[in-house]
Amino acid sequence: MNLFIRFTIISLLLTTSVSAQKLVDPTAVAPEYREAAEKRRAEQIKERECAHKADIAKILPRERTAYLLQCLETDAVKAN
């Protein structure tokens, strides 16, 4: 039993948790890269909004990628 508990604790310590990607802070990058950082931040915000919509709509994991891609495409069409 002790061996099982030790093994479980070690395996939990060795696994890394997946953390969400942080939003890019345009003020924290060099001035020459600020424009690209602002564009990336806008993309990340759109992606988070679509992911939030998927959560609210309770989209199944197997259909989530297609839903997110469709959401991002419709946002791109609306922006143009």
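Every value quoted in this text rests on a predicted model; they were computed, and no experiment measured them.
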What pairs of residues pass the salt bridge (charged side-chain N to carboxylate O under 4.0 Å, His left out) test when at least one of them lies in residues 71-80, not counting sequence neighbours?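 Those involving residues 71-80 do not exist here.
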With salt bridge (charged side-chain N to carboxylate O under 4.0 Å, His left out) as the rule and sequence neighbours excluded, what pairs involving residues 56-67 come up?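 Sorted result for residues 56-67: D55-R64.
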If the condition is side-chain contact (heavy atoms from CB on, under 4.5 Å), which residues does [X] pass it with, not counting sequence neighbours?
X   : value
K46 : L72
D25 : T27, A28
A42 : none

Between Q44 and V24, does a side chain to side chain contact (heavy atoms under 4.5 Å, CB included) hold up when you go through it step by step? CA-CA 8 Å; Q44 287 177 323; V24 173; 3.5 Å; yes
Distance (rounded to the nearest 0.5 Å) between L69 CG and T74 OG1: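 Interatomic distance, L69 CG to T74 OG1, rounded to 0.5 Å: 10.5 Å.
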Under 4.5 Å between side-chain heavy atoms, chaining through other members, with only Ile, Leu, Val, Met, Phe, Trp and Tyr counted: pull out the rest of the cluster around L23, sorted by chain and number.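 I45, listed by chain and number.
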Could you list the donor-acceptor pairs under 3.5 angstrom formed between side-chain atoms of residues 30-40 and any protein atom two or more places apart in sequence or on another chain?
residue : atom : partner : partner atom : Å
R34     : NE   : P26     : O            : 2.9
R34     : NH2  : V29     : O            : 3.1
R40     : NH1  : E43     : OE1          : 3.2
R40     : NH2  : Q21     : OE1          : 3.1

List the atom of A57, the atom of Y67, and the distance in Å for their closest heavy-atom pair.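 Heavy atoms of A57 and Y67 come nearest at CB-OH, 4.4 Å.
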Could you list all the disulfide (SG to SG under 2.5 Å) pairs where at least one residue sits in residues 29-59, not counting sequence neighbours?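 Found C50-C71.
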